[in-house]
Amino acid sequence: MIDNLKLFVKDKHSFENHILNNGLVELNSKLNYHTGEVMEYPKRGRDLNLEIGITNNSGTVLGSIHKYNNIISNNGNHNYNDFSFCQIQEIILGLIDKYNISNATSITNLEFGFNLEIDNNPRTIIDKSVLMYNCKPPNKNLKFSGNGDYKEFQLTDYRVKIYNKSKQFKLSKNILRVELKITRKRLLQQLDIYSLEDLLNYNNYLRLFEFFGEKFEGLMIIDEFDADLIPENDYNKLLRYTNPNYWITIKDKKSPKVIYRLKSDFNKLLNKHNLLKIKGKLREELNSKFIELLNFDCQYFGYRKVS
């Protein structure tokens, strides 16, 4: 569920001294090539895949705790498997203890998402069915030089991402990743997430998933439609409505009331012709995966469940 996060450590002096005194991470500083002097700050280091930073004013930890869990479990540097609530707790408790940062952090960025094993090739869904987010085209539509299929929709405080995890890691299984990236601290705080300890709270995951579900509904994931099976008038409307340029064009030409009516007509057509089957299936998969990962038996791994 939780992947990349960025957190600030409130007492950077205590954080830095703890790292140095216990030899936790090799911190490197920059060299001033003009004077030959080694600059005191910034200092950078790595704890496996996590980036540790120290500046004059702050200490930071940045990276994927999902990958971190796999690396310390000798399971490889990847994040295409499941990462349960119990496993997240174990990693977070370990980081708090290792870096002596109990009740001393502030989270500013967080990724929350799910790897879904599906029947069809994720590329087909991403290329042909994931069309828009609230009638707006993706800000990023990438292929990663043949190594992945990726669409991202950027909004003020968050981003919605959907991509081909199996192609990214050259897997034989079809794995689609659906992810919400929260990029503003104010939004996290609205969800009652302030510090690392708040990711130990069971109820916060319920809030996260509710918010995630609301944003998933904004994704316009539409089945392919056939002119031979849909009346001509409806078909022509669907061609128009599924083109993001149409919505861009009418934005300044039509009143909000008219645009609302057109969007309502669009939704009616999608339901009338049963064009939301893929989205419905993904919704079911997401709900099922969340329940599975949140209610995993912590005792199986010897973890203690914190709520």
> Can you name the one residue among Asn70, Asn77, Ile72, Val25 that meets side-chain contact (heavy atoms from CB on, under 4.5 Å) with Leu48?
Replying inline: Ile72
>> I'd like to know whether Ile92 forms a side-chain contact (heavy atoms from CB on, under 4.5 Å) with Gln87, so could you lay out the CA-CA distance, the side-chain angles of the two residues, the decisive distance to 0.1 Å, and finally the verdict.
In response: CA-CA 9 Å; Ile92 288 175; Gln87 293 168 306; over 6 Å; no
Side-chain heavy atoms nearer than 4.5 Å, only ILVMFWY residues, links allowed to pass through others: does that put [X] and [Y] together?
X      : Y      : result
Ile230 : Ile278 : no
Leu62  : Leu188 : no
Ile182 : Phe216 : yes
Leu219 : Leu208 : yes
Leu20  : Phe15  : yes

> Under 30°, 30 to 60°, or over 60°: which ring-plane class applies to Tyr241 and Phe266, parallel, tilted or perpendicular?
Replying inline: tilted
>> Parallel, tilted or perpendicular: which one describes the rings of Phe112 and Tyr205, with boundaries at 30° and 60°?
In response: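 Tilted.
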Using a cut-off of 6.0 Å, state whether more than 12 heavy atoms not belonging to [X] lie near its atom [atom1].
X      : atom1 : value
Lys281 : NZ    : no
Glu26  : CD    : no
Lys185 : NZ    : no
Glu232 : CD    : no

Closest non-hydrogen atom pair between [X] and [Y], with its separation:
X      : Y      : result
Pro122 : Ile175 : CG-O, 3.7 Å
Met132 : Asn243 : SD-C, 4.5 Å
Tyr158 : Thr183 : N-OG1, 3.6 Å
Asp265 : Lys237 : OD2-NZ, 3.3 Å
Ile88  : Phe83  : CG1-CE2, 3.5 Å
Leu7   : Leu5   : CD2-CD1, 3.6 Å

Atom [atom1] of [X] and atom [atom2] of [Y]: how far apart are they, to the nearest 0.5 Å?
X      : Y      : atom1 : atom2 : answer
Leu199 : Ile91  : CG    : CD1   : 13.0 Å
Ile162 : Glu152 : CD1   : CD    : 12.5 Å
Leu275 : Glu224 : CG    : CD    : 10.5 Å
Phe225 : Leu239 : CZ    : CG    : 5.0 Å

Do any N or O atoms from the side chain of [X] and from the backbone of [Y] form a donor-acceptor pair under 3.5 angstrom?
X      : Y      : value
Tyr260 : Ser255 : no
Asn115 : Ser166 : no
Lys151 : Ile126 : yes
Asn201 : Asn203 : yes
Lys215 : Val160 : no
His18  : Lys98  : yes
Asn22  : Leu24  : no
Asn69  : Ile65  : no
Asp97  : Leu93  : no
Asp234 : Leu269 : no

> Can you list the residues that meet the ring pair (Phe, Tyr, Trp, His ring centres under 6.0 Å) rule with Tyr68, with sequence neighbours excluded?
Replying inline: none
> Step by step, would you call Arg283 with Glu217 a salt bridge (Lys or Arg N to Asp or Glu O under 4.0 Å)?
Replying inline: CA-CA 9 Å; Arg283 184 188 297 112; Glu217 292 306 319; 2.8 Å; yes
> Taking it one step at a time, do Ile118 and Leu282 satisfy side-chain contact (heavy atoms from CB on, under 4.5 Å)?
Replying inline: CA-CA 9 Å; Ile118 59 178; Leu282 291 178; 4.3 Å; yes
>> For Asp223 and Lys277: C-alpha separation, side-chain torsions, deciding distance, then whether salt bridge (Lys or Arg N to Asp or Glu O under 4.0 Å) applies.
In response: CA-CA 7 Å; Asp223 302 354; Lys277 295 188 294 296; 3.1 Å; yes
Heavy-atom check, side chain of [X] versus side chain of [Y], under 4.5 Å:
X      : Y      : value
Met220 : Tyr133 : no
Tyr163 : Glu179 : yes
Ile71  : Asn49  : yes
Val258 : Ile250 : no
Lys140 : Tyr150 : yes
Asn204 : Leu191 : no
Phe209 : Leu294 : no
Glu197 : Thr105 : yes

> Considering residues at least two apart in sequence or located in another chain, which fulfil the salt bridge (charged side-chain N to carboxylate O under 4.0 Å, His left out) criterion with Asp3?
Replying inline: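 Scan of Asp3 (salt bridge (charged side-chain N to carboxylate O under 4.0 Å, His left out), adjacent residues dropped) gives none.
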> With Lys12, which residues qualify under salt bridge (charged side-chain N to carboxylate O under 4.0 Å, His left out), at least two apart?
Replying inline: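 With sequence neighbours excluded, Lys12 shows a salt bridge (charged side-chain N to carboxylate O under 4.0 Å, His left out) to Glu16, given in chain and number order.
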>> Working note: Lys289 + Glu292, criterion salt bridge (Lys or Arg N to Asp or Glu O under 4.0 Å); need CA distance, chi angles, decisive distance, verdict.
In response: CA-CA 5 Å; Lys289 181 62 70 173; Glu292 174 191 344; 3.6 Å; yes
> Asn295 and Tyr202: side-chain donor and acceptor closer than 3.5 Å?
Replying inline: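 Per modelled atom types, Asn295 and Tyr202 side chains form a pair under 3.5 Å.
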>> The test is side-chain contact (heavy atoms from CB on, under 4.5 Å); show your working for Leu27 and Ile19 and say whether it passes.
In response: CA-CA 9 Å; Leu27 295 173; Ile19 289 173; 4.0 Å; yes
>> Before we go on, tell me: are the rings of Phe212 and Phe290 under 6.0 Å apart, centre to centre?
In response: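 Here the rings of Phe290 and Phe212 have centres that are no less than 6.0 Å from each other.
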>> Checking side-chain hydrogen bond (donor to acceptor under 3.5 Å, both in side chains) between Asn79 and each of His66, Glu111, Lys165, which is the one that passes?
In response: Lys165
> Going through the distances and angles, do Val130 and Phe153 end up as a side-chain contact (heavy atoms from CB on, under 4.5 Å)?
Replying inline: CA-CA 11 Å; Val130 180; Phe153 302 87; 4.1 Å; yes
> Do Lys43's NZ or CZ and the ring of Tyr41 fall within the cation-pi criteria of under 6.0 Å and 45°?
Replying inline: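 That pair qualifies as a cation-pi contact.
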